[in-house]
Novice: 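Take this structure, written in structure tokens, and hold onto it; I'll ask about it next.
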Amino acid sequence: VSKARDEALAKLLAVQCEVDRARADVSEAQQEAESLRKLLKAQKDRGDQLTLQAVRNHTVVSQNAAETRQMQVMMESDRELLQAKVDDLQEAYQAGERQSE
């Protein structure tokens, strides 16, 4: 009877060790899961920040492109006006040359 009792006690201790190991494994897994949740949240926050920055950059680029187009239109208009003035001056010069002959 004592031998059976000792064997049962040994089995019980072995099972208790397994339970303790399993609890430790569960605790470790829970800690790792919590750590990964925090890391995921940090990554999502960083992703949100990068998305917001990308939107801001896109807006700035769009505004810059619009300003560039506006400046090109203004420069083309100025170029046409100046060319018209040059043409007028050339005609006036040629007319003056003809009169002086």
Side-chain angles (χ1 to χ4, degrees):
V1 175
S2 177
K3 186 176 181 181
R5 184 175 162 261
D6 289 341
E7 287 176 5
L9 185 58
K11 285 182 184 180
L12 183 61
L13 288 174
V15 168
Q16 184 63 42
C17 282
E18 287 180 37
V19 167
D20 289 344
R21 269 189 253 128
R23 283 184 181 150
D25 290 345
V26 167
S27 176
E28 184 179 321
Q30 287 173 337
Q31 289 174 352
E32 185 177 354
E34 182 61 29
S35 174
L36 291 173
R37 275 191 286 277
K38 288 178 182 178
L39 181 60
L40 178 61
K41 184 185 180 317
Q43 289 296 325
K44 283 182 180 180
D45 291 346
R46 180 67 177 141
D48 291 345
Q49 290 173 351
L50 290 174
T51 300
L52 181 60
Q53 188 61 46
V55 168
R56 287 178 182 156
N57 290 348
H58 180 73
T59 301
V60 168
V61 168
S62 295
Q63 289 172 347
N64 183 275
E67 289 173 1
T68 300
R69 283 191 299 275
Q70 185 179 18
M71 291 298 291
Q72 288 172 338
V73 168
M74 287 174 40
M75 288 172 63
E76 183 62 32
S77 176
D78 288 348
R79 192 175 303 125
E80 290 171 359
L81 289 173
L82 290 173
Q83 186 61 47
K85 284 183 181 181
V86 167
D87 292 345
D88 289 345
L89 289 172
Q90 285 177 341
E91 286 178 23
Y93 176 78
Q94 289 172 356
E97 284 284 316
R98 275 185 245 125
Q99 284 181 349
S100 66
E101 289 177 354

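Since the model is a prediction, treat every value here as computed from it, not as a measurement.
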Novice: Output the distance between atom CG (Leu40) and atom OG (Ser35), rounded to the nearest 0.5 Å.
Specialist: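 So the CG of Leu40 and the OG of Ser35 are separated by 11.0 Å.
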
Novice: Starting at OG1 of Thr68, measure out to CE of Met71 and round the result to the nearest 0.5 Å.
Specialist: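 Separation between the atoms: 8.5 Å.
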
Novice: Can a salt bridge be assigned to the pair Asp45 and Lys41 using a cut-off of 4.0 Å between side-chain N and carboxylate O?
Specialist: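 Result for this pair is yes, salt bridge flagged.
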
Novice: To the nearest 0.5 Å, how far apart are CD in Glu32 and CD in Glu34?
Specialist: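 Glu32 CD to Glu34 CD: 12.0 Å, rounded to 0.5 Å.
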
Novice: Using the test salt bridge (charged side-chain N to carboxylate O under 4.0 Å, His left out), find all partners of Glu18 that sit at least two apart in sequence or belong to another chain.
Specialist: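 Once residues adjacent in sequence are excluded, Glu18 has no partner under the salt bridge (charged side-chain N to carboxylate O under 4.0 Å, His left out) criterion.
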
Novice: Say you draw a straight line from CG of Leu36 to CD of Gln31; how long is it, rounded to the nearest 0.5 Å?
Specialist: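 CD of Gln31 is found 12.0 Å from CG of Leu36.
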
Novice: Could you list the residues that satisfy salt bridge (charged side-chain N to carboxylate O under 4.0 Å, His left out) with Arg23, not counting sequence neighbours?
Specialist: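 For Arg23, no residue satisfies salt bridge (charged side-chain N to carboxylate O under 4.0 Å, His left out) once neighbours in sequence are set aside.
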
Novice: Using modelled atom types only, decide if a donor and an acceptor are shared between the side chain of Ser77 and the backbone of Val73 within a distance under 3.5 Å.
Specialist: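 Such a contact is absent between Ser77 side chain and Val73 backbone.
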
Novice: Rounded to the nearest 0.5 Å, what separation is found between the CG atom of Asp25 and the CG atom of Asp20?
Specialist: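 Taking CG in Asp25 and CG in Asp20, the distance rounds to 11.0 Å.
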
Novice: When rounded to the nearest 0.5 angstrom, what is the spacing between NE2 in His58 and CD in Gln63?
Specialist: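 It comes to 10.5 Å.
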
Novice: Under the side-chain contact (heavy atoms from CB on, under 4.5 Å) criterion, do Arg5 and Leu9 qualify, and how do the steps go?
Specialist: CA-CA 6 Å; Arg5 184 175 162 261; Leu9 185 58; 5.6 Å; no

Novice: Given Asp87 and Gln83, is the side chain to side chain donor-acceptor pair (under 3.5 Å) satisfied, shown in steps?
Specialist: CA-CA 6 Å; Asp87 292 345; Gln83 186 61 47; 3.0 Å; yes

Novice: Tell me every residue that passes salt bridge (charged side-chain N to carboxylate O under 4.0 Å, His left out) with Arg79, counting only those two or more places apart in sequence or in another chain.
Specialist: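 Partners of Arg79 under the salt bridge (charged side-chain N to carboxylate O under 4.0 Å, His left out) test: Glu76.
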
